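Take a look at the structure set out below.
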There are 2 protein chains.
Amino acid sequence: MTTARRDTYTPETLLSVAVRVFNERGYDGTSMEHLSKAAGISKSSIYHHVSGKEELLRRAVSRALDELFGILDEEQARTGRAVERLEYVVRRMVEVLIAELPYVTLLLRVRGNTVTERWALERRREFDHRVAELLKEAAGDGDVRADVEVRLATRLVFGMINSIVEWYRPDGRGMGAREVADAVVQLAFGGLRKAGAARG
Amino acid sequence: MTTARRDTYTPETLLSVAVRVFNERGYDGTSMEHLSKAAGISKSSIYHHVSGKEELLRRAVSRALDELFGILDEEQARTGRAVERLEYVVRRMVEVLIAELPYVTLLLRVRGNTVTERWALERRREFDHRVAELLKEAAGDGDVRADVEVRLATRLVFGMINSIVEWYRPDGRGMGAREVADAVVQLAFGGLRKAGAARG
DNA sequence: CCTTGTACCGACCGATCGTTCGGTTACTCT
DNA sequence: AGAGTAACCGAACGATCGGTCGGTACAAGG
């Protein structure tokens, strides 16, 4: 609920303020009054730039979804051995999560109360499904363990990746996207236990 | 927003209805009117059983937190090699998450808008810290990989575990807590990649 | 029969919700 | 100079918010 000032607003610059507040207070917990205070303009002025609260949400989750689906179109996500493509997608997901942190954060928190939220949930499921197919293919190649169900493994790896939005903060001297992506790939593919000490 | 009926309500039975609705619509997105419809009694009658909306939240997150902290007091979480205690705690966390699914779900979605929510966040951080110490100890024993920071690894494993509330549904013929716990332990400690195919 | 207490209710409270409306200011284009 | 427009504002809209109030129905206990 800090107060910001800009020369003049565009829908995009207003969106960046709104998304920050949405993430701090939750979408439902944020009133247009909160947004106007944070943006430094009056409540009614917000309607000069966007049609309403829900448009802000729609723009935000669209941006996040576009970036995520974009990963699947990249060269290294489309060619090569499935397990390598999967590793690439996991790494890129982490990078996109961090590059578009507030937008992806908002996307991952939608509950489904409005049409916009339900649409976002559906597109998320579609993305998850695409990645699950990649893992399934890698399992078919014999490159990933067969003793954990593909669907379950996908969900758990997604859980690991998506949790980044709950703690990552880009404050200067912290770690970068690359380091986090390395850690996620090493943990997701290699596990916690020291290499060579297999059991269970 | 289905309509339920009970003989008469106690704070506890009312809580179970409220928590269900909170999880469906989000805490902020749930009005007392929503709760009254779901409980099948009038809005004012709710105040006969509890002091208000926030008490329902407080009761719910307290229950979840008590169960989680209870894990750390159990015999197998206190004695033995650190890596074994850690594995036990991870397994029990999954079991508690599933046994108390709606309550833990609500706990994990708290944002910090009210005093109750901030208190819940603080206790969560304390629990996370206790588990992080366990992982640190296991790293000191040389039982877990040293190439991923302890703090980061803790967060990622928590992310994997906590994500269960986003997809697990206890519908009859699905998998049980035991199976999910097995999968989490295998993935968290052993990773996706087939044993013996180490790299990176 | 009468009191007491539990479980509940409809009507209502002031506050706040997302949104609309009728302006005003200031800059650009001709 | 005058017209047009982008950016903004305060005041107010009906709806809904969490919560309060004075009451009723009813069962139990004496």
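Chain letters run A, B, ... following the sequence lines, proteins first and then strands; every chain starts at 1. Quantities reported herein were computed from a predicted structural model and do not represent experimental measurements.
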- Message: Show, in sequence, the C-alpha distance, side-chain angles and deciding distance for B:R63 and B:E12, and conclude whether the salt bridge (Lys or Arg N to Asp or Glu O under 4.0 Å) test is met.
- Response: CA-CA 11 Å; B:R63 173 161 164 176; B:E12 283 71 31; over 6 Å; no
Starting at atom [atom1] of [X], determine the distance to atom [atom2] of [N], rounded to an integer number of angstrom.
X: A:H34; N: C:dG18; atom1: NE2; atom2: C1'; value: 13 Å
X: B:Y27; N: D:dG18; atom1: OH; atom2: C1'; value: 10 Å
X: B:D28; N: C:dG18; atom1: CG; atom2: P; value: 11 Å
X: B:M32; N: C:dC12; atom1: CE; atom2: C1'; value: 16 Å
X: B:L35; N: D:dG19; atom1: CG; atom2: C1'; value: 13 Å
X: B:E33; N: C:dC17; atom1: CD; atom2: P; value: 19 Å
X: B:N113; N: C:dT16; atom1: CG; atom2: P; value: 15 Å

- Between A:I164 and A:L97, which heavy-atom pair has the shortest distance, and what is it? CB-CD2, 3.6 Å
- Any residue of residues 43-61 of chain A with a heavy atom less than 4.0 Å from an atom of DNA chain C: A:K43, A:S44, A:Y47, A:G52, A:K53
For the backbone of [Y] and the side chain of [X], can you confirm whether one donor and one acceptor N or O come within less than 3.5 Å of each other?
X: B:T13; Y: B:Y9; answer: no
X: B:R109; Y: B:N23; answer: yes
X: A:K43; Y: A:S31; answer: no

- Task: Hey, could you give me each pair passing salt bridge (charged side-chain N to carboxylate O under 4.0 Å, His left out) that has a residue in residues 114-130 of chain B? Not counting sequence neighbours.
- Result: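 Found none.
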With 3.5 Å as the limit, what N/O pairs link the protein to nucleotides 23-29 of chain C?
none

- Item | N/O (side chain, B:S31) to phosphate O (OP1/OP2, D:dC17) under 4.0 Å | yes
- Assess B:K53 against B:Y27: is NZ or CZ under 6.0 Å from the centre of the six-membered ring, and within 45 degrees of the ring's axis?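 Ring-cation test returns yes.
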- So do the side chains of A:R145 and B:Q186 get within less than 4.5 Å of each other, counting heavy atoms only? yes
- Query: So among A:E75, A:E67, A:E74, which one has a salt bridge (charged side-chain N to carboxylate O under 4.0 Å, His left out) with A:R92?
  - Reply: A:E74
- Which part of the nucleic acid, if any, lies within reach of A:T10 when heavy atoms closer than 4.0 Å are counted: base, sugar-phosphate only, or nothing?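 Touches nothing.
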